[in-house]
There are 2 protein chains.
Amino acid sequence: MNTNVRVPQFAGKECDMSNWDAGNCPVRDVINQISGKWSTLLLQALAERPYRFGELRRLVPDISQRMLTQTLRELQRDGYIDREVFPTKPPSVEYRMTELGMSLFLPLSQVLDWANANHAAVKAARVRFDAEA
Amino acid sequence: MNTNVRVPQFAGKECDMSNWDAGNCPVRDVINQISGKWSTLLLQALAERPYRFGELRRLVPDISQRMLTQTLRELQRDGYIDREVFPTKPPSVEYRMTELGMSLFLPLSQVLDWANANHAAVKAARVRFDAEA
DNA sequence: TATCCCTAGTCTCTTTTTGAGAGCGACATA
DNA sequence: TATGTCGCTCTCAAAAAGAGACTAGGGATA
């Protein structure tokens with residue numbers, strides 16, 4: 001076993017590459033949850049204001065109920081959102097972001113901004129790649 | 001069709017929620033690619049220095065060759081990394097980050113830093129959630 | 001009164017994605 | 001001769017995701 005593993009720098013901090021296996025790496029443990037297909041989308045919505053289940057479903061038209069429930073539960077489990085049930089006649093459930101979720105969304109929104117700003121460049125790269133292949 | 005859709009703010013910019021379906025949303029188009037299980041991990045590695053295929057495989061022990069090849073191709077297609085083949089006797093292939101990739105990694109590394117810093121809080125939230133369930 | 005719809009899910013079934021592992025071809029080492 | 005190295009690709013099994021039916025209890029509609 002190699003103990004002299006390279007230690008890459010990013011943003012001034014170290015990341016121990018000797019434990020990049022799933023179990024030990026904090027980054028992977030956190031990122032794997034929020035890197036799902038729907039997670040960032042829901043975080044983006046809930047960062048703006050609280051939403052109810054059905055509202056989120058209509059907001060993201062191509063998510064299935066199954067994945068919406070599941071993704072919300074995972075985000076709740078990791079402490080990014082809260083789930084509040086109101087015992088109205090058709091029962092209603094509201095999801096809202098926590099402090100932790102907001103603190104995550106701060107850097108995350110920078111990435112979303114980057115995506116907006118550089119979408120054209122990415123699309124151009126795809127065209128180039130597909131042309132020469 | 002509802003044209004008066006709420007427009008959430010994040011980081012001072014607008015995101016048109018009326019096209020949150022997969023085809024039209026720039027954010028989803030960009031994010032969906034880099035939100036794979038392995039993408040951020042490989043970007044993180046290649047942000048530090050160029051790596052060869054086998055090096056990456058050893059660095060991320062639990063990735064399959066299939067997913068490593070596939071994820072690298074996708075990152076290459078979107079213009080984040082370059083692939084250079086050296087016709088040595090056992091052929092060697094080097095992957096290195098592009099300018100575009102580096103510009104993405106700038107905000108992305110902020111999220112990775114957040115993950116490092118808040119791993120404990122996330123784990124605590126999980127324990128709390130699992131206890132009351 | 002019978003029928004429908006609303007809510008926030010769960011359950012089942014099918015399709016897509018991922019993982020585990022073999023094979024490849026040319027050359028180096030033991 | 002046998003085995004290992006390189007960067008893949010291929011096949012088959014397992015896991016994850018998507019589509020859609022079903023639930024309960026009350027309110028509105030016909």
Side-chain angles (χ1 to χ4, degrees), chain A residues 2 20-23 25 28-29 31-42 45-46 50-78 81-96 129 132-133, chain B residues 2 20-23 25 28-29 31-42 45-46 50-78 81-96 129 132-133:
Chain A
N2 180 12
W20 265 29
D21 43 319
C25 182
R28 289 188 61 175
D29 190 33
I31 297 295
N32 269 351
Q33 287 305 324
I34 63 172
S35 76
K37 183 174 177 183
W38 308 107
S39 305
T40 48
L41 217 53
L42 296 177
L46 293 170
Y51 276 94
R52 291 180 50 189
F53 187 88
E55 287 181 304
L56 289 170
R57 206 154 80 82
R58 285 185 289 275
L59 192 64
V60 186
D62 55 344
I63 194 173
S64 63
Q65 290 190 332
R66 192 178 155 281
M67 286 314 292
L68 181 52
T69 303
Q70 188 176 308
T71 307
L72 288 170
R73 285 294 136 75
E74 288 170 0
L75 293 177
Q76 186 194 356
R77 187 170 111 96
D78 280 16
I81 63 178
D82 270 339
R83 177 177 181 272
E84 192 175 1
V85 182
F86 299 98
T88 52
K89 330 283 183 62
S92 73
V93 178
E94 192 178 88
Y95 294 90
R96 69 172 65 239
F129 181 92
E132 71 196 25
Chain B
N2 179 12
W20 264 30
D21 43 319
C25 181
R28 288 187 62 174
D29 189 33
I31 297 295
N32 269 351
Q33 287 303 325
I34 63 172
S35 76
K37 184 174 177 184
W38 308 107
S39 304
T40 47
L41 216 54
L42 296 177
L46 293 170
Y51 276 94
R52 291 179 51 188
F53 186 88
E55 288 181 304
L56 290 170
R57 206 155 81 82
R58 283 185 290 275
L59 193 63
V60 186
D62 55 345
I63 194 173
S64 64
Q65 289 192 331
R66 194 179 154 283
M67 285 314 291
L68 181 53
T69 302
Q70 188 175 309
T71 307
L72 287 170
R73 285 294 136 79
E74 289 169 0
L75 293 177
Q76 186 194 355
R77 187 170 112 96
D78 279 15
I81 64 178
D82 271 338
R83 177 176 180 272
E84 192 175 0
V85 183
F86 299 98
T88 52
K89 338 280 182 66
S92 74
V93 179
E94 191 178 86
Y95 295 90
R96 69 172 63 237
F129 181 91
E132 72 195 24

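Between Leu56(A) atom CG and dA8(C) atom C1' there is a gap of 12 Å when expressed in whole angstrom units. In this structure, Met67(B) atom CE and dA16(D) atom P are separated by 13 Å, rounded to whole Å. In this structure, the CZ atom of Arg73(A) is 11 Å from the C1' atom of dT10(C), given to the nearest Å. In this structure, Asp62(B) places its CG atom 15 Å from P of dT18(C), rounding to the nearest Å. We find that CD1 of Ile63(A) is positioned 16 Å from P of dG20(D), with the value rounded to whole Å. At whole-Å resolution of the value, CD in Glu94(A) and C1' in dT7(C) are 15 Å apart. Protein atom CD of Gln70(B) is 14 Å distant from nucleotide atom P of dA20(C), rounded to whole Å. dT29(C) atom C1' lies 13 Å from atom NZ of Lys89(B), rounded to whole Å.
The shortest distance between side-chain heavy atoms of Tyr51(B) and Leu46(B) falls below 4.5 Å. Residues Leu42(A) and Glu74(A) form no side-chain contact, since every pair of their non-hydrogen atoms from C-beta on lies 4.5 Å or further apart. Between Phe53(B) and Thr69(B), the closest side-chain pair of non-hydrogen atoms falls below 4.5 Å.
For dG18(D), one of the phosphate oxygens OP1 or OP2 lies less than 4.0 angstrom from a side-chain nitrogen or oxygen of Trp38(A). In this model, the phosphate group of dG7(D) is not approached by any side-chain N or O of Tyr51(B) to a distance below 4.0 Å at OP1 or OP2. For the OP1/OP2 pair of dG18(D) and a distance below 4.0 Å, the side-chain nitrogens and oxygens of Lys37(A) include at least one atom meeting the criterion. Put simply, Arg57(A) has no side-chain N or O that comes within less than 4.0 Å of OP1 or OP2 on dG9(C). Contact check, Gln65(A) against dA8(C): no side-chain N or O comes under 4.0 Å of OP1 or OP2.
Each of Pro90(A) and Arg66(A) lies near DNA chain C, and the nucleotide nearest Pro90(A) is the one positioned closer to the 5' end.
The nearest pair of heavy atoms linking Thr88(B) to Pro90(B) is OG1-O, 2.8 Å. Minimum interatomic distance between Leu72(A) and Ile81(A) (heavy atoms only, all atoms of both residues): O-CD1, 3.5 Å.
For Arg58(A), counting side-chain heavy atoms from C-beta on, the closest listed nucleotide (dT7(C), dG7(D), dT10(C)) is dT7(C).
To the nearest 0.5 Å, atoms OG1 (Thr71(A)) and CH2 (Trp38(A)) are separated by 8.5 Å. One finds the CG atom of Leu59(B) at 14.5 Å from the CZ atom of Arg52(B) (value rounded to the nearest 0.5 Å).
Helix bend of the helix from dA8(C)-dT23(D) to dA30(C)-dT1(D): the angle between its two end axes, each built from five pairs, comes to 30° after rounding to 10°.
No contact: Phe86(A) has no heavy atom under 4.0 Å from any strand. Using a 4.0 Å heavy-atom distance criterion, Arg52(A) is classed as a sugar-phosphate-only contact.
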